[in-house]
Every structure is written in C-alpha cells, then in structure tokens.
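A short write-up of the structure that comes next.
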Amino acid sequence: MRFPAFAALGALLVAGCSTEDLPSQERVIAPILTSEQAMDEFTYARPLEARVTHVALDLDLDFEGARVEGTATLDVQAAEDATEIVLDSDGLIIGGIADGNGNALEYTIGESDPDKGEPITIQLGERTGPELQQIVISYASGPSAEALQWLAPEQTAGGEHPFVFSQGQAILNRSWIPTQDSPGIRQTWEARITAPDPLTVVMSGISRGDPEVLDVAEGETARRAFEFVMDNSIPPYLIAIAAGNLEFAELGPRSGVWAEPEQIEAAAEELSDTEAMIDAAEGLYGSYRWGRYDMIVLPPAFPYGGMENPVMTFLTPTFIAGDRSNTGLIAHELAHSWSGNLVTYASWRDGWLNEGVTSYLTARISEEVFGETRVMQERALEYAGVLEALETLGEDNPRTSLRTPDELNPLEYSSAIVYDKGAMFLHTMESIIGRERFDEFMRGWFDRHAFQPATSEMFLADLREYVVKDDEELEESLMLDEWIYGTGLPENAALPNPEAFAAVDAAVEAYAADSTLPGNASWTGWTAFEQRRFLEELPDELSDRELAALNETLGLSETGNNEVLFLWLEAALRNEYQPAVRQAETFLGRVGRNKFVEPLFKALWETGAWGQPIATRIYESTRGSYHSYTRGKVDLIVGFEAEGEVASES
C-alpha cells in the first residue's frame, strides 16, 4: 500500500495534484466536425461562425444562497464575417457582458426550451488578436441549477460542514457555466474559485498550488481561493467542481483520493490497485496524457457510480465494499481517460463510442490487474444484461442500435445497449481480427484522434482503412454496419465463456428444483460477481418463507457489498416482504445512486396497495437528498408533483 500515515495528510492536500511537476504545453484548438453525424441538436451554438476555445472562471461559492457567482471570460475564434456568437444557458442570471477591453456588448437571452435551456446571443466586439476575441460575462447560477447539488452538513459523512458538487453530463453544465455546451466543441479552461474556510475545492483540472487566504472584513467568514488549469481541450461537460471538508491520501506517484475525513482511510484501502490499473492501461493503449489521476469519493447523494471528469474522477461511496470487489468501476472511469475524454463523441447519438469502447477497455485493464476469471464473470453479467434488454425492448426495436437513430432522443438510452452491446462489438472485433492486431488498431485510434471529437462513421472508416484494407472476406465477417446501425445482436457476436458461472448456475438450478440453497461456506467463498449472478437468477416470485431462508442462510442483509445488498432488497420488496422494509428505508435514506434508488422505488410501486404507501412515505423524507437526475427518474414512478407541475419535466 502506497500512501502516508493519515496524521500527515494536511501537508499533502494540494501537492498531490499540482502543476509544478507537469511540463508546460501550448494550447491546441480542436477541430469542429462538419459531417451530418457530428451535428448536435442539444446546443444553440453555431461553432462554424464563432466558437469558444477557452473558458476562464472567477467564481465565489455561495453556500447560503446555493449559487456560484462571478465572471466567465471566453476566448472566441470567429469567422471573418461573424458578428455574433451564441452560447448555451439554463437559468443563468446575467449581470452584464463586455469585451476583453471592458466595452459593453449587446446581448439577448432567448426563449427557454425545457429540453435544452435558452440561447444567449452576443454581438461581438473588437478582436484582441488574429481571429481571437474575448467576452467577459458577469453572472450567477440560477436557484435551480441542475448541475449543482448543494448539501447541508447533515447530508455529509461528517455532519459539520456543507458540501457542493457538480454533475455536467449530459447538458447540465450550462446551468452554471455560460459556454457552448456541446461535446463536439472542445475547450481548454482555467478557474479561480473562492470558498469559505475550512472547505477545500477540487476540480477536474490541475491545481496551481496552495490556496490563497483572502482578506475579509471583520466579522465575515474567512475565505480561501483555489486555482486550477486544464490545458488539454475537453468537452464542456467534463468541467467539474466539488467543495467540502476534504482530505487527501496519496495512492502512488501520480494518483490519490480525496474524501471526507470519516471516509478517507476506507477509500484509500479500496483504491490501492489504482497505480496498477494505470500501468496496465498504458501498456495496452499508450501514455496516460493527463498528468494526474486523482479521485474524490463524494457524499451518497451523487447519482452515478462514477463520473470520468479528467484528473478527478467523481465516485459514489457505494463502491466501497471492504474487499475491492467493486473496483471494476475504477477501471471503467480510468479507461475513459482514453475513450471519452481523449477521444469524445461529437454527438450524443454516438453514446456507445464513449461508453461501449470504455466498457471494452475496462475488461482489458481488469484482466491485466485482476485476472481472466474475474473478467470472464463480468462479461457474463453484461451479456445477461444485454439479453434482458433485448427481451424487454424487442430485437427489432431501434433503441437496440448502437448509434441512436434520428427519431429517438439519445439522452434516453438503455445502458445495457450503449455500454454492454457496445463492449460486445469490440470483443467481437478482437475475436475476429486477433488481439494483437486489434490492440494496435485501438492504440492508433486514440493517437490519431487525441483531444478531438469523433463519430461512428469515423470509427468504421478507421477500421476499414487500417484493418480491413479492401479484404472483402474480412469485411463480410466483421458485419460492421450491422453492429452500429442494426438492431438486436448480430449473428457473429462473440459470447462470453459459458463456464464463467458453472458452479453458480448449478446452484441456481438446484434452488429452482427444490429450494436447495448453497451452504454459507460456499456462499462466502464466492466472488461478489458470483453472488450477484445467483441473486439475479432467482425466481421473480418468492414467498416469505423462501426470502427468510435466503437471508438467514446467506446473510444477505448483513453484506458490506452494496451491489449484493441492492439485489436482496429488490427481491424482497417486489415480493412484499415486510421484514426488509426498514432496511430498505435506511438504504434509500443513505444512498443516492440512481442505479439503486430508481429500481427499489419501482419495485415498491409496482406491488400496488402494499408498496405504494411505503414508497410515498420514504420518498417524502428522502427526495430532497437526491440529485436532480435521480429525482426526475423517481418522480415519474411515484407521480410526484411540485409547484403544480410534474417535477421531472423541469
């Protein structure tokens, strides 16, 4: 284990992710793609006329007002005849806009669209360099900025200090940053953020050193200023911030973890394989190009398992199991450093190009670090998820295509398709092309398109240029177009090893035959993936007697693995098992990860008269602690309405 004694952490708070040891580099402006597949209907921007290349934020965190306020200075590259630039906004309160010389600029704020906010159209001023202009926007985030979640002290592990974090993907960052919020308009950025002492600010950029203690008037709360920089161009949704009572633990020469003091030791223990994962990824796909790989374990309200913000992966605390059994999540977020962050889809319709490719990379990294058996089991679970999605949606459903068809909303997708079918596509390519040759292709893909946007057609064109090379037989065997644009699973799909869960599947059959349960010794000897497989294969309908026997024999309610605990609670609630209600209520009160929250409320609600009053009672007390994304999902299930409207429509 490579991190210092926790008593000495204070001196390491910022040193772990400073710019001091990183080489300086020239900012490179990423291209704007003009193909039809690259078009993004979720932005108002017209980047071929005028586009943002750099964002400089100077903001104060106002916890009492639950807002950020200050300025954003935008570097703009404009066509010679351009007279205006259009930005994305969602409820931003604009105080004024000027050019880089302080001259006021005219602007209008358009009508708001519930799906993508409102446009800010700004008349351009004087150029400050060849084709370069600057715009300075004074603003504050609105009272319901969906990207920001402000937590009261009681919602944190420590219970003494407030906390805030952002979640920008997909199009939420426009609620706290005025810019062109599209994955195809990559931007560099820098920031100066002030926060009340003793809170620490972290961002998805490299720290510029120790925080500055600010002069404040007598009687005012002391404040500190933190500075960050990201000289690699990134899609705007990856600009991220968090602030709270945080400590830092070093994991290795270029990795570490931030967390509240109450969680830091457990987090560091769970993440002790991080450097090995970075080494494995570099061996497969080339140099890690971001300098640092740090992580932050957020309070439970964070709605996702993880978010791949560059140099600062955001993590749910629910991955901490005490045995590193859920660290495939870390491999996944790290893999995004190549797939998604280094090369990013230009359009939300190519979700697989980020998530499916990343899921494939995750398996390869995990195989290097944890061994073939674990990856074999992970792939089997993913395949089962794909089969379930195909059964639910239908083989011919356009939602089972990897690239989302034009008639569908790409922000409403099946993760089993985007993530797992996407990964199966690449596993299939590997099986046909050969691992060594396919690895060479993937390294080339990342090198050729580094820090640039991409599309499905570009990926297929690269495969044909660098692998197929007019080999008609190979082209036919790969079935490339059918994988990307077709529905269901192509007939050449490389399936996981059927022996991955041989012992578990035998136990499932025994249970289905006569309710024979595996012994406690067998159960505790299984991996977390094997336990999940058994629980996922249980019959949908179980009696109180069967559920009681499951819990008593396997100790399900006592597990420290949240993935396993969730599956137990879901089975119990869908079968109206009253003894599990109290634990479910506790679980839903401490966990905000949508992967767990939404299905448990759905399980309760679908029972009807038994579960709906329970769901309503629990949601009344927990809704305020959930992120807007999770609230939107559960609001639809329970029919929650706020201020006369269905809240999920906001």
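The CD atom of Glu407 sits 9.5 Å away from the OG1 atom of Thr404 when rounded to the nearest 0.5 Å. To the nearest 0.5 angstrom, Glu457 atom CD is 8.5 Å from Glu36 atom CD.
Scanning both residues, Ala147 and Ser175, for their nearest heavy atoms gives N-OG, 3.1 Å. Contact between Leu92 and Ser141 at its shortest, heavy atoms only, is CD2-CA, 4.1 Å. Between Ser35 and Thr455 the shortest heavy-atom distance is OG-CG2, 4.2 Å. Of all heavy-atom pairs spanning Arg224 and Pro211, the tightest one is NH1-CG, 3.6 Å.
The closest donor-acceptor contact from the side chain of Gln169 to the backbone of Met307 lies at 3.5 Å or more, if one exists at all. Panel note: side chain Arg254, backbone Arg292; no donor-acceptor pair is recorded below 3.5 Å. Of the possible polar contacts, one joining the Ser207 side chain to the Gly209 backbone as a donor-acceptor pair under 3.5 Å is found. Distance alone, capped at 3.5 Å, is enough to place a donor-acceptor pair between the His336 side chain and the Ser339 backbone. Of the possible donor and acceptor atoms, none in the side chain of Asp350 sits under 3.5 Å from a partner among the backbone N and O of Leu353. Using modelled atom types, one side-chain atom of Arg631 and one backbone atom of Tyr626 make a donor-acceptor pair closer than 3.5 Å.
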Do Gln134 and Asp75 pass the side-chain hydrogen bond (donor to acceptor under 3.5 Å, both in side chains) test, and can you show the C-alpha distance, the side-chain angles, and the key distance before you say yes or no?
CA-CA 5 Å; Gln134 277 196 331; Asp75 288 357; 2.9 Å; yes
Please report the C-alpha distance between Glu190 and His54 in whole Å, then the side-chain angles of each, then the deciding distance to 0.1 Å, and finally whether the side-chain hydrogen bond (donor to acceptor under 3.5 Å, both in side chains) criterion is met.
CA-CA 8 Å; Glu190 61 189 296; His54 181 74; 2.8 Å; yes
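Thr53 places none of its side-chain heavy atoms less than 4.5 Å from the side chain of Thr188.
In this structure, Glu160 places its CD atom where only 12 or fewer heavy-atom neighbours from other residues, nucleotides or ligands lie under 6.0 Å away.
Taking the charged nitrogens against the carboxylate oxygens, Asp635 and Arg623 do have a contact shorter than 4.0 Å, which makes a salt bridge.
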Only distances under 3.5 Å count here; give the side-chain donor-acceptor pairs of residues 38-45 to other protein atoms, sequence neighbours excluded, each with its distance to 0.1 Å.
residue: Asp40; atom: OD1; partner: Phe42; partner atom: N; Å: 2.9
residue: Asp40; atom: OD2; partner: Ser182; partner atom: OG; Å: 2.7
residue: Glu41; atom: OE2; partner: Arg349; partner atom: NE; Å: 3.3
residue: Glu41; atom: OE2; partner: Arg349; partner atom: NH2; Å: 2.5
residue: Thr43; atom: OG1; partner: Ala45; partner atom: N; Å: 3.0
residue: Thr43; atom: OG1; partner: Asp88; partner atom: OD1; Å: 3.3
residue: Thr43; atom: OG1; partner: Asp88; partner atom: OD2; Å: 2.6
residue: Tyr44; atom: OH; partner: Gly117; partner atom: O; Å: 2.6

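Listed by first and then second residue, the side-chain hydrogen bond (donor to acceptor under 3.5 Å, both in side chains) pairs that reach into residues 303-316 are Tyr293-Thr313, Thr316-Thr318, sequence neighbours excluded. The stretch residues 74-124 participates, sequence neighbours left out, in no ring-ring contact (aromatic ring centres under 6.0 Å, His included) pair at all.
Aromatic ring centres of Tyr237 and Trp176: separated by at least 6.0 Å. A distance below 6.0 Å separates the ring centres of Phe165 and Phe302. Ring pair Trp338/Tyr285: centre-to-centre distance not below 6.0 Å. Taking the six-membered ring wherever Trp is involved, the centroid distance between the rings of Trp258 and Phe314 does not fall below 6.0 Å.
Checked options Glu49, Gln180, Gln133, Gln77; the residue passing with Ile85 is Gln180 (criterion: side chain to side chain contact (heavy atoms under 4.5 Å, CB included)).
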